Amino acid sequence: MTYETQMAEEARLWKQRQLRRPSFLERSSKKAQTKMNQLIPEKVHTTITESIKKMVQATLVGSNVTTFPKRIENLTFEEREQLVEKTIGTFKKTAAIEGASTGAGGILLGLADFPLFLSIKMKFLFEVASIYGYSTKEYEERLFLLYVFQLAFSSETHKEETLEKIEHWDTLKNEVKDLDWRVFQQEYRDYIDVVKLMQILPGIGAVVGGVANYHLVQQLGECAMNCYRLRIFSN
């Protein structure tokens with residue numbers, strides 16, 4: 001069995017896991033999260049919402065990128081994935097350091113972590129796209145990355161529709177002209193609010209920030225790899 005065949009099967013199984021019905025524990029956790037969100041100060045909600053909105057809009061027009069990573073060519077698919085794995089490792093360490101530093105600084109730095117960490121994840125996705133051989137100078141490729149991001153940090157409600165776009169992006173990309181940024185920012189905010197609330201708590205903020213950022217980049221990396229596998233192998 002070739003590496004490509006193995007990864008195509010891995011992506012198929014990953015897709016199945018994404019579409020499964022949430023467990024009772026997951027549904028209960030969602031209810032608890034909703035209650036926790038009600039305890040978060042409105043200032044925190046506002047900061048998070050505005051950070052997401054601005055970052056999404058900036059990513060779509062490319063205004064938050066000073067230099068686009070150069071598209072990598074002349075590598076086998078396996079070599080590309082090995083390079084992606086190394087990139088995930090690098091960004092996990094960067095994100096962990098950033099999260100621990102801002103988490104140790106109390107409420108104000110805890111709030112500052114949100115746009116900083118969002119920027120790290122966007123830069124990471126741009127790097128991954130270039131490794132798989134796609135040019136993020138193209139608007140459609142930046143839009144694709146936002147759908148990958150949305151899939152990584154959203155509830156089950158939107159996963160099936162998002163996966164359909166991702167898997168058949170090369171066919172659909174000329175039809176999908178924009179992103180519903182309201183859905184994007186609401187889903188992401190709901191997904192991550194509790195973590196960020198804990199990060200601004202005295203005493204545990206640094207630990208929570210470092211560990212959370214590390215694992216969230218790992219999660220995004222796994223999602224990105226499987227999204228590109230689905231897209232590539234569907235052609």
Side-chain angles (χ1 to χ4, degrees), residues 11 14-15 17-19 47-65 68-69 84-85 87-88 90-92 94-96 98-99 113-132 134-170 172-173 176-196 212-232:
W14 176 83
K15 179 183 176 181
R17 293 195 297 272
Q18 300 306 302
L19 296 176
T47 299
I48 290 174
T49 298
E50 285 303 307
S51 296
I52 297 171
K53 177 180 176 180
K54 290 176 181 178
M55 180 62 71
V56 171
Q57 292 175 332
T59 299
L60 282 176
V61 299
S63 63
N64 61 332
V65 182
F68 291 95
V84 171
E85 291 281 7
T87 303
I88 292 173
T90 299
F91 274 85
K92 282 196 300 186
T94 300
E98 185 274 327
D113 166 76
F114 200 89
L116 288 172
F117 185 39
L118 195 57
S119 178
I120 289 172
K121 286 182 291 201
M122 288 299 179
K123 179 174 173 54
F124 164 72
L125 286 177
F126 273 61
E127 292 289 342
V128 170
S130 70
I131 294 171
Y132 276 109
Y134 295 93
S135 173
T136 50
K137 291 182 180 179
E138 299 176 12
Y139 174 87
E140 292 80 8
E141 292 305 323
R142 298 196 299 273
L143 188 56
F144 176 79
L145 293 181
L146 291 178
Y147 276 108
V148 172
F149 189 100
Q150 179 171 289
L151 181 63
F153 305 114
S154 67
S155 65
E156 286 71 16
T157 309
H158 299 280
K159 283 189 175 181
E160 185 172 1
E161 180 183 351
T162 307
L163 271 167
E164 181 68 19
K165 286 187 175 75
I166 284 170
E167 188 168 7
H168 302 100
W169 187 253
D170 292 319
L172 298 173
K173 64 182 180 182
V176 183
K177 299 300 182 182
D178 206 350
L179 180 81
D180 188 335
W181 71 263
R182 288 184 181 273
V183 171
F184 181 98
Q185 61 96 0
Q186 287 169 357
E187 286 289 307
Y188 181 56
R189 193 191 71 177
D190 288 348
Y191 189 96
I192 208 167
D193 263 354
V194 172
V195 172
K196 292 306 166 190
N213 284 10
Y214 184 92
H215 287 290
L216 287 170
V217 170
Q218 174 63 43
Q219 179 177 325
L220 181 59
E222 179 184 350
C223 182
M225 290 185 77
N226 282 292
C227 284
Y228 275 108
R229 290 166 181 169
L230 288 172
R231 178 182 176 181
I232 292 167

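What you are looking at is a predicted structure, and each value in this text was computed from that prediction instead of being measured.
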**Message:** In the structure I gave you, are the side-chain heavy atoms of Glu141 and Ser135 within less than 4.5 Å of one another anywhere?
**Reply:** no
**Item:** Side chain to side chain, Phe91 and Leu220, heavy atoms closer than 4.5 Å
**Value:** no
**Request:** Could you tell me whether the side chain of Tyr147 reaches within less than 4.5 Å of the side chain of Trp169, counting heavy atoms only?
**Result:** yes
**Fill in**
dist Ile131:CD1 -> Glu85:CD (nearest 0.5 Å) comes out at 10.5 Å
**Item:** Euclidean distance, Ile166 CD1 relative to Leu172 CG, rounded to 0.5 Å
**Value:** 11.0 Å
**Request:** Decide yes or no on side chain to side chain contact (heavy atoms under 4.5 Å, CB included) for Thr94 and Val217, but give the supporting numbers first.
**Result:** CA-CA 10 Å; Thr94 300; Val217 170; over 6 Å; no
**Asked** Can you tell me how far the NZ atom of Lys165 sits from the CD atom of Glu161, to the nearest 0.5 Å?
**Response** 3.5 Å
**Message:** Taking the side chain as everything from C-beta on, heavy atoms only, tell me whether Thr162 gets closer than 4.5 Å to Ser154.
**Reply:** no
**Item:** Inter-residue atom distance Lys159.NZ - Leu19.CG, 0.5 Å rounding
**Value:** 8.5 Å
**Side-chain (Arg142) to main-chain (Thr136) donor-acceptor, under 3.5 angstrom** = yes
**Item:** Heavy-atom check, side chain of Gln18 versus side chain of Asn226, under 4.5 Å
**Value:** no
**Item:** Closest non-hydrogen atom pair between Gly221 and Ile88, with its separation
**Value:** CA-CD1, 3.7 Å
**Prompt:** For residues His168 and Glu164, is any side-chain donor paired with an opposing acceptor at under 3.5 Å?
**Reply:** yes
**Request:** Kindly check if the number of other-residue, nucleotide or ligand heavy atoms within 6.0 Å of CD (Gln219) is above 12?
**Result:** yes
**Prompt:** Are Glu127 and Val84 close enough, and set up right, to give a side chain to side chain contact (heavy atoms under 4.5 Å, CB included), and what steps lead you there?
**Reply:** CA-CA 8 Å; Glu127 292 289 342; Val84 171; over 6 Å; no
**Asked** Hey, mind stepping through Arg229 and Trp14 against side chain to side chain contact (heavy atoms under 4.5 Å, CB included) and telling me if it holds?
**Response** CA-CA 10 Å; Arg229 290 166 181 169; Trp14 176 83; over 6 Å; no
**Request:** Nearest 0.5 Å please: distance from the SG atom of Cys223 over to the CD atom of Gln218.
**Result:** 11.5 Å
**Asked** So does Lys173 have more than 12 non-hydrogen atoms from other groups sitting under 6.0 Å from NZ?
**Response** yes
**Message:** Students often mix this up, so state it plainly: with edges at 30° and 60°, are the rings of Tyr228 and Tyr132 parallel, tilted or perpendicular?
**Reply:** parallel
**Item:** Spacing of Leu146 atom CG and Phe144 atom CZ [to the nearest 0.5 Å]
**Value:** 11.0 Å
